[in-house]
Amino acid sequence: MGEIFAGMPWWVKWIAVPVIALVVFGGLIATVVGFVIGLLFKLLVFVALVGGLIYVVRKFMSSSSSRSDW
């Protein structure tokens, strides 16, 4: 691969090839990035809901145990 690019100008290696790669694989890259961001958002929502559930259950358990002391 290095032999192919050896005789090329610098702008072909550092500008033209990455631009062509972005044009060809741009949709795939955007899909993967969107999927990862969506997955992270769903994971954050899941953690927040589980944390809220644990908080509510602990609050309910502490209030019900204090009533049974009477």
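Here, residue 1 is the first one in the sequence, and each next residue gets the next number. No experiment lies behind these values; they were computed from the predicted model shown.
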Excluding sequence neighbours, so at least two apart, what forms side chain to side chain contact (heavy atoms under 4.5 Å, CB included) with [X]?
X     : answer
Val47 : none
Trp10 : Trp14, Ile15
Val33 : Ile29, Ile37
Pro9  : Trp11, Val12

Check whether [X] and [Y] end up in the same hydrophobic cluster, where Ile, Leu, Val, Met, Phe, Trp and Tyr are linked by side-chain heavy atoms less than 4.5 Å apart.
X     : Y     : value
Ile20 : Phe25 : yes
Phe46 : Leu40 : no
Phe60 : Leu53 : yes

Exercise: identify the closest heavy-atom pair between Lys13 and Met8
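Looking at all heavy atoms of both residues, the closest pair is CE-O, 4.0 Å.
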Could you list who else is in Leu49's hydrophobic cluster, with ILVMFWY side chains joined at under 4.5 Å, directly or through other members?
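Direct or chained contacts put Leu49 with Phe41, Val45.
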